[in-house]
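Below is one structure; the comments refer to it alone.
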Protein chains: 2
Amino acid sequence: MVKRTSDLGAPADPSPDDDPGSDDGPLHDRVYRALRDALVTGRIVPGRAVTLRGLAQSLGVSPMPVREAIRRVSAEGGLVVGANRRVWVPDMDAARFDELVRARILLEPEAAVRALPHIDAARLDRLRAIDEAIDRALAEGDVEAYMAGNHRFHFEIYAAGPSRVLLPLIESLWLQFGPFMRSVYGRVGTAILVDHHVHAVEAIAARDADRLAEAIRADILDGMEVIDDTVLRRPTGSETSSSPESDPCLHVPG
Amino acid sequence: MVKRTSDLGAPADPSPDDDPGSDDGPLHDRVYRALRDALVTGRIVPGRAVTLRGLAQSLGVSPMPVREAIRRVSAEGGLVVGANRRVWVPDMDAARFDELVRARILLEPEAAVRALPHIDAARLDRLRAIDEAIDRALAEGDVEAYMAGNHRFHFEIYAAGPSRVLLPLIESLWLQFGPFMRSVYGRVGTAILVDHHVHAVEAIAARDADRLAEAIRADILDGMEVIDDTVLRRPTGSETSSSPESDPCLHVPG
DNA sequence: TCGGCAAAATTGTGATCACATTGACATCGG
DNA sequence: CCGATGTCAATGTGATCACAATTTTGCCGA
C-alpha cells in the first residue's frame with residue numbers, strides 16, 4: 001500500500017515536532033505557521049496530498065482552523081488545489097523553476113537594498129552568527145539546518161526595513177521553493193553549495209548598496225544554476241525509471 | 001451615526017451587482033471572486049471594516065465561505081487583519097505606494113516579455129479592442145470602466161504565457177492598488193490620464209521585446225507619478241481637515 | 001489471473017451553534 | 001454639560017454535523 005496523503009510526520013505524537021510555534025494568536029494562525037514551516041523546511045514532500053482531517057489530527061486541532069490555514073497557504077502558492085478540490089504540494093518543473101528564480105532575482109536585491117539603511121550593528125552581528133551556523137551545517141552536511149539558516153539569513157536582511165509589500169512576495173517565493181529544494185539537497189547533498197553570504201555581510205558592513213545587490217544576486221544565481229544543471233535539465237529520464245519512488249517531486253517535461 | 005462597516009453596495013438587492021460571477025465551482029471561490037472584483041474595481045473603500053456576517057448577508061451566503069474568501073484575499077494583501085482580528089481595507093501611505101510601484105516595475109515588464117511569444121493575432125485584436133474601450137471610458141470620464149479596461153488590458157498580455165508564478169504576484173499588486181486608485185480617480189478625475197497602451201500594442205505587433213518592456217514600464221511610471229505628485233506627497237493636510245470624510249483612504253505620514 | 005463493478009470509507013464543503021472578546025451606546029454621577 | 005461606567009449588540013473563532021462527490025477497497029465473473 002502506498003500512502004498518498006501526507007501526515008506531517010508523527011500523527012499521534014504527544015509532543016510533535018510540528019510545533020505550531022508560540023501559543024499566542026488564533027488557532028488557525030498557529031496552524032498556518034506550522035504548515036508554512038513544514039513547507040519551507042521541506043518536511044512535506046511534493047506529490048503528496050494534504051488532507052484537512054489528516055492535518056488536523058496531526059496537529060491535534062479541529063478541521064476548521066486547518067481549512068483557513070490551507071486556504072491561506074494555497075493563496076501564497078505553497079499548495080495547489082486540484083480539479084478534484086484536493087490539495088497538493090505543487091510539482092516542480094523547469095518552467096516554474098525558471099520563473100521562480102527570475103522573480104527572486106528581480107525582487108530580493110531590491111528588498112535588500114531597501115533594507116540596508118535599517119540594518120544596525122546588532123542585526124549585522126546576528127547575520128554573522130547565522131552565517132557561521134550555516135557554515136557548520138554545510139560542513140556537517142545537515143540539510144535541514146542549512147535550509148533553516150539560509151532562510152533566516154536572507155529574511156534577517158529583508159525584514160530589517162519596514163517593507164510590507166516586497167517581503168510577502170519574497171516569502172511566497174521561498175514557500176514555493178522549500179519542498180523542492182529539500183528533496184534536491186537530499187539527493188545531491190550540500191557539498192556542492194558554496195557560501196556567498198560573507199560577501200553580503202561585507203557589503204552591509206561597508207554600506208555598499210550595489211555590492212549588496214550583487215552579492216544577493218550571485219547567491220541566488222549560483223545556488224540555482226547548480227540545481228538547474230544537476231537535477232532539472234537532466235538529459236534522460238533513466239534514473240526516474242530505475243528508482244521511481246526516490247524522485248517523487250520532479251516532473252521533467254518532454 | 002457613521003457606518004464603519006462596508007456592505008458592498010445594496011445588501012438586500014434581489015439581483016446584486018456584486019455578482020459572484022459564473023455559478024460554477026465552490027461557493028467560497030465565488031465569494032472570493034466577488035470580493036476580489038469589488039476590491040480591484042474599487043467598490044470597497046479603504047478605512048472601512050469588512051465583516052464576515054455583513055459580507056455574507058450582502059452576498060446571500062452563509063458566513064462560512066466568506067471566512068475562507070477573506071482569508072485568501074488577506075493572504076494576497078487585499079485585506080489586512082488588525083490586532084483586534086477585524087478585517088480592514090488597508091490604508092495607503094507614501095512608503096507602501098512606493099514599494100508597490102517598484103514591485104510593479106520590476107515584475108510586469110518581465111511578465112510581458114515572457115508572454116510575448118504566446119500572444120497570437122486573436123489576442124492582439126482583443127488588446128486593440130480593449131484599448132479602444134479604454135479610450136472611450138477615458139473620454140467619457142467613466143472611472144470604473146477605465147479601471148476595468150486597464151486591468152483587462154494588462155492581464156490579457158501577462159496571462160498569454162503559461163506563467164504560474166509571476167502572474168499571481170502581479171495580481172496581488174493590482175489587488176492592493178485597486179481600492180486606492182479608485183478613490184484617487186474619483187478625486188482627480190480621469191482627464192490627467194494618458195493612454196500609453198498603444199505603444200505596447202505596437203511593440204507586440206512588431207514582436208519587439210525591449211520596446212514592450214519599455215512601454216509597460218512607461219505606462220506604470222506615468223500613471224503613478226501623476227498620483228504621487230497629485231495626491232500622496234501633498235504639502236499640507238489642510239484639505240483633510242476641511243473635509244475629513246471625503247478622504248478616508250489617505251494616510252500621509254508625518 | 002485480470003478487468004470491471006458495487007460497496008464503503010474518505011474527502012471537501014457548507015451550515016449552524018456556542019463562546020469569548022471587542023466595540024458602541026446609553027445611563028448615571030460629577 | 002461633560003466624563004466615567006455598566007450594558008448590550010456585534011464580531012471573530014472554533015467545533016460539530018450533514019451532505020455530495022470522489023477515491024479506495026473488496027468482490028465477483030470471465
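Order of the sequence lines fixes the chain letters, A, B, ..., with proteins taken first and strands second; residue numbering starts at 1 for each chain. Predicted model, so just to flag it, every value in this text is computed and none were measured.
Remark: the B:Arg86 side chain and the C:dG23 base include no donor-acceptor N/O pair separated by less than 3.5 Å.
Side-chain N/O atoms of B:Arg43 and B:Thr41 include a donor and acceptor closer than 3.5 Å. Neither side chain, B:Glu110 nor B:Tyr158, offers a donor N or O lying under 3.5 Å from an acceptor on the other.
Across residues 66-76 of chain B, B:Arg67, B:Arg71 each have a non-hydrogen atom less than 4.0 Å from an atom of DNA chain D (numbered order).
To the nearest angstrom, P of C:dA15 lies 12 Å from CG of B:Leu59. Look at CE on A:Met64: it is 14 Å from P on C:dC17, rounded to the nearest Å. Rounded to an integer number of Å, the gap from CZ of B:Arg30 to P of C:dG14 is 8 Å. Taking atom CG on B:Leu27 and atom P on D:dC19, their separation rounds to 18 Å, with Å as the unit.
When the nucleotides D:dT11, C:dG14, D:dT13 are ranked by their closest atom to the side chain of B:Pro65, C:dG14 comes out on top. You'll find that the side chain of A:Thr51 is closest to C:dG12, out of D:dG12, D:dG14, C:dG12.
In DNA chain C, stems built from 3 or more consecutive Watson-Crick or G-U wobble pairs, each with both distances under 3.5 Å, span C:1-30 with D:1-30.
A:Arg114 and B:Glu99 are not joined by a salt bridge, as no carboxylate oxygen comes within less than 4.0 angstrom of a charged side-chain nitrogen. In summary, B:Arg85 and A:Asp29 do not engage in a salt bridge, as defined by a charged side-chain N under 4.0 Å from a carboxylate O.
None of B:Leu55, B:Leu79, B:Leu35 except one satisfies the side chain to side chain contact (heavy atoms under 4.5 Å, CB included) rule with B:Ile44; the exception is B:Leu35.
Between A:Asn84 and B:Leu52, the one whose closest nucleotide on DNA chain D sits nearer the 5' end is B:Leu52. Residue order along DNA chain D, read from the 5' end via each residue's closest nucleotide, puts A:Ser62 first among A:Arg53 and A:Ser62.
Under the salt bridge (charged side-chain N to carboxylate O under 4.0 Å, His left out) criterion, A:Glu156 pairs with A:Arg123, A:Arg126, sequence neighbours left out. Remark: A:Phe177 engages A:Phe97 in a ring pair (Phe, Tyr, Trp, His ring centres under 6.0 Å) (not counting sequence neighbours). For the salt bridge (charged side-chain N to carboxylate O under 4.0 Å, His left out) test, residues two or more places apart in sequence or in another chain that qualify with A:Arg67 are B:Glu68. B:His151 meets the side-chain contact (heavy atoms from CB on, under 4.5 Å) test with B:Val40, B:Phe155, B:Trp174; sequence neighbours excluded.
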